[in-house]
Amino acid sequence: MQIPPSALAAGTLAGIVLEFVTRDGTDHSDVDKRVASVMRQLNNGEAELHFDPESKTCNIIRV
């Protein structure tokens, strides 16, 4: 199920994005820059936030 970023509180969205960009732990670039990049993509419609109610997980998908 797609969740519009505007439907979430700023802190909640920031936490989801932070968890997403640090999920694999293999990218050692600046975390703040990765978070800003994903937030920009979400705000520009270049990425979407999806929630899977069965697994209760969030994922961010580039469109």
Side-chain angles (χ1 to χ4, degrees):
M1 137 186 1
Q2 183 179 350
I3 307 292
S6 61
L8 300 174
T12 302
L13 180 59
I16 291 169
V17 172
L18 178 62
E19 188 278 328
F20 175 77
V21 301
T22 59
R23 186 175 289 170
D24 291 332
T26 57
D27 186 344
H28 300 293
S29 63
D30 186 271
V31 171
D32 292 332
K33 287 182 182 179
R34 288 186 280 153
V35 167
S37 175
V38 172
M39 292 292 275
R40 197 169 32 258
Q41 291 173 42
L42 286 168
N43 290 330
N44 292 336
E46 299 169 9
E48 296 176 345
L49 176 62
H50 289 260
F51 177 73
D52 178 12
E54 188 173 308
S55 65
K56 296 183 178 151
T57 58
C58 289
N59 202 11
I60 298 172
I61 302 167
R62 289 190 73 169
V63 292

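The shown structure was predicted, so the numbers you read here are calculated from the model rather than taken from an experiment.
Taking the side chain to side chain contact (heavy atoms under 4.5 Å, CB included) definition, one finds that D24 meets it with T26, sequence neighbours left out.
When side chains are defined from C-beta on, S37 counts as touching R40, because their heavy atoms get closer than 4.5 Å. Between T57 and E19 there is no side-chain heavy-atom pair separated by less than 4.5 Å.
V17 shares a hydrophobic cluster with M1, I3, L8, L13, I16, L18, F20, V21, V31, V35, V38, M39, L42, L49, F51, I60; the chain of contacts runs through ILVMFWY side chains whose heavy atoms sit under 4.5 Å apart.
Residue I61 holds its CD1 atom at 7.0 Å from CD of E48, rounded to the nearest 0.5 Å.
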